[in-house]
Amino acid sequence: MSRNDQWWQTGIIYQIYPRSYQDSNGDGVGDLPGIEARLDYVRSLNAGAVWLSPIYPSPMRDFGYDVADYCAVHPLFGTLTDFDRLLAEVHGRGMKLILDLVPNHTSDEHPWFIESRASRDNPKRDWYIWRDPAPDGGPPNNWLSYFGGPAWTFDQQTGQYYMHQFVTQQPELNYRHPAVVAALRDSMRFWLDRGVDGFRVDVIWLMMKDPLFRDEPPNPTWDGVNPHNSLKHIYTANLPEVHGLIRQMREVLDDYADRMMVGEIYMPNEDLVTYYGGPAGNECHLPFNFQLIHAPWDAAAVRRMVDGYEAILPVGAWPNWVLGNHDQHRLATRIGPAQARVASMLLLTLRGTPTCYYGDEIGMENVAIPPELVQDPPALNQPEIAHLVGRDPERTPMQWDASPNAGFARAGVRTWLPVADDYVTRNVAVQDQDPTSMLSFYRALTALRQATPALTVGAYRSVDAGASDVFAYVRNEATTRFLVVLNFGGEARRLDLSAVAEQAEVVLSTRMTPVPPTALAALDLRPNEGLVLRLPDSED
Ligand code: NOJ
């Protein structure tokens with residue numbers, strides 16, 4: 001039997017952005033007891049694991065991705081006791097819990113950095129990346145921050161620059177120093193000992209930098225929009241040495257049973273797949289595959305993408321797919337509500353672990369944030385491209401019901417980001433009652449996936465559908481076979497798929513209406529419709 005039966009292979013990962021899921025104490029920010037109160041809902045989505053964006057103490061300059069203590073919980077979210085209870089409740093429902101781990105940088109308020117910046121001869125000086133000014137007094141080289149401006153900030157007190165690729169209050173740790181690696185491994189053990197099942201590792205591909213601090217070359221294909229893209233990041237990203245570091249992290253996980261890590265990596269496939277760790281498979285269990293987020297929404301392009309990724313996966317490497325997260329504009333806004341159903345059917349019927357972003361299951365859309373309420377640093381730092389780089393629109397409170405504040409916080413509370421205007425009609429309570437809603441569709445789809453080995457661990461093969469806006473593929477396991485047919489367009493299509501089989505039974509339509517058994521020589525697809533069909537069992 002192949003080893004494709006582990007929880008992080010067969011299960012669905014559901015990402016919760018804790019600030020926005022459920023406020024239990026009236027401060028307008030979500031918290032751990034709030035999440036605990038919603039776990040039955042999470043389970044109703046047939047999720048196998050919950051990933052929490054950071055819950056650590058933090059000055060919140062980057063909303064928790066600036067960590068001031070790796071081994072504690074921010075009082076905004078609760079206490080370690082709340083955390084332990086949440087973990088037990090997650091486990092009690094047969095689910096796993098994945099924490100965000102943010103090793104590349106800390107907050108400038110982390111005690112390590114406070115020590116490091118105290119003097120040039122402080123024992124922790126080399127825990128961070130400090131450099132002398134350039135001869136003209138400017139930054140040591142041309143490296144840039146993702147959030148606008150240089151990747152260097154001058155520290156008056158000690159007369160050197162420190163490096164940061166995000167906000168200035170996120171100094172980067174120096175993983176060429178063994179004590180820093182040891183400290184990271186200790187932080188991991190702190191949570192693993194408590195029973196945490198795994199980590200989503202923030203910007204894992206950025207953790208090593210060029211030891212010579214060379215200037216990065218210009219990017220000849222830059223479109224002139226986002227300054228960070230004006231350079232080719234060959235000295236700040238994807239350095240060969242990062243693999244050794246990841247292996248040291250993996251060793252920690254492997255000392256425990258059934259733990260995993262999924263690495264955040266925005267890289268082309270050829271580079272992405274190296275993060276599995278070669279034949280030994282001793283790096284990330286899953287390097288996040290974000291291709292669908294950036295895909296042109298076109299059946300042929302998506303087919304090429306899926307086939308290409310399947311073809312390049314190393315032997316033994318397990319695939320994964322993502323449609324949205326807290327850094328990307330909402331799926332339903334990117335491709336429209338009708339296609340959001342088609343995309344969800346794709347995500348949840350492809351081979352590999354799906355990661356779902358909270359709220360996508362009810363079709364939440366981007367929320368336009370009035371300028372005076374904008375919170376996100378890349379948007380505040382770069383107002384001219386705020387609409388592209390700002391992430392507040394996809395981080396708004398979960399829409400539970402039609403009560404004031406959408407059931408996210410009690411009435412009268414000022415929520416940290418505004419609740420979407422459409423919450424009265426688009427919410428969990430309303431969709432719960434509607435058998436054709438996005439939520440009902442999501443539950444039916446996830447239930448079907450989880451009950452069907454062909455759809456979780458089965459093989460994948462794309463088939464020619466004979467229409468340029470349709471993507472079709474077969475999933476099979478042992479003798480069981482399923483056909484998925486996705487109409488990426490707004491036109492009805494009649495397809496001849498008789499080469500696959502003569503007859504099939506439609507088990508799910510994105511429309512959530514019954515479809516009679518159908519001859520595959522004349523399969524009718526309605527506009528924006530996706531179908532999952534059960535094929536007759538094969539004989540072998
Ligand atoms: C990636 C995280 O997903 C993003 O939200 C954060 O701002 C940066 N890393 C910095 O930690």
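Remember, it's 1-based here, ligands and their atoms both numbered in the order they're listed.
- In this comparison of His164, His105, Arg391, Gln328, the heavy atom closest to atom 4 (C) of ligand 1 sits on Arg391.
- Proximity to Tyr65 (heavy-atom distance under 4.0 Å) selects the following atoms of ligand 1: 2 (C), 5 (O), 6 (C), 11 (O).
- Atoms of ligand 1 found under 4.0 Å from any heavy atom of His326 (numbered from 1 in listed order, with element): 2 (C), 3 (O), 4 (C), 5 (O).
- Under 4.0 Å from ligand 1, the heavy atoms of Phe147 that appear belong solely to its side chain.
- Relative orientation of the Tyr146 and Trp205 rings is perpendicular, given thresholds of 30° and 60° on the angle between their planes.
- Residues passing the salt bridge (charged side-chain N to carboxylate O under 4.0 Å, His left out) test with Asp271: none are found, sequence neighbours excluded.
- Residues Arg426 and Gln399 bring no donor and acceptor atom of their side chains to less than 3.5 Å of each other.
- Contact annotation for Arg200 and ligand 1: only side-chain heavy atoms (C-beta onward) come within less than 4.0 Å of the ligand.
- Considering only residues two or more places apart in sequence or on other chains, Tyr357 meets the ring pair (Phe, Tyr, Trp, His ring centres under 6.0 Å) condition with none of them.
- Applying the 4.0 Å criterion to heavy atoms of Arg395 picks out, from ligand 1, the atoms 5 (O).
- Contact check on Asp27 versus Arg414 returns no salt bridge, with no Lys/Arg side-chain nitrogen under 4.0 Å from an Asp/Glu carboxylate oxygen.
- Residues Ala420 and Val367 come closest through the heavy atom pair CB-CG2, 3.5 Å.
- A salt bridge is defined here as a Lys NZ or Arg NE, NH1 or NH2 lying under 4.0 Å from an Asp or Glu carboxylate O, and Glu115 with Arg125 fails to meet this definition.
- The distance from ligand 1 to the heavy atoms of Asp62 drops below 4.0 Å at these ligand atoms: 6 (C), 7 (O), 8 (C), 10 (C), 11 (O).
- Nearest protein heavy-atom neighbour of atom 3 (O) of ligand 1: Asp327 OD2, 2.4 Å.
- With Asp202, Asp100, Val102, Val67 as candidates, the residue nearest to atom 9 (N) of ligand 1 on a non-hydrogen basis is Asp202.
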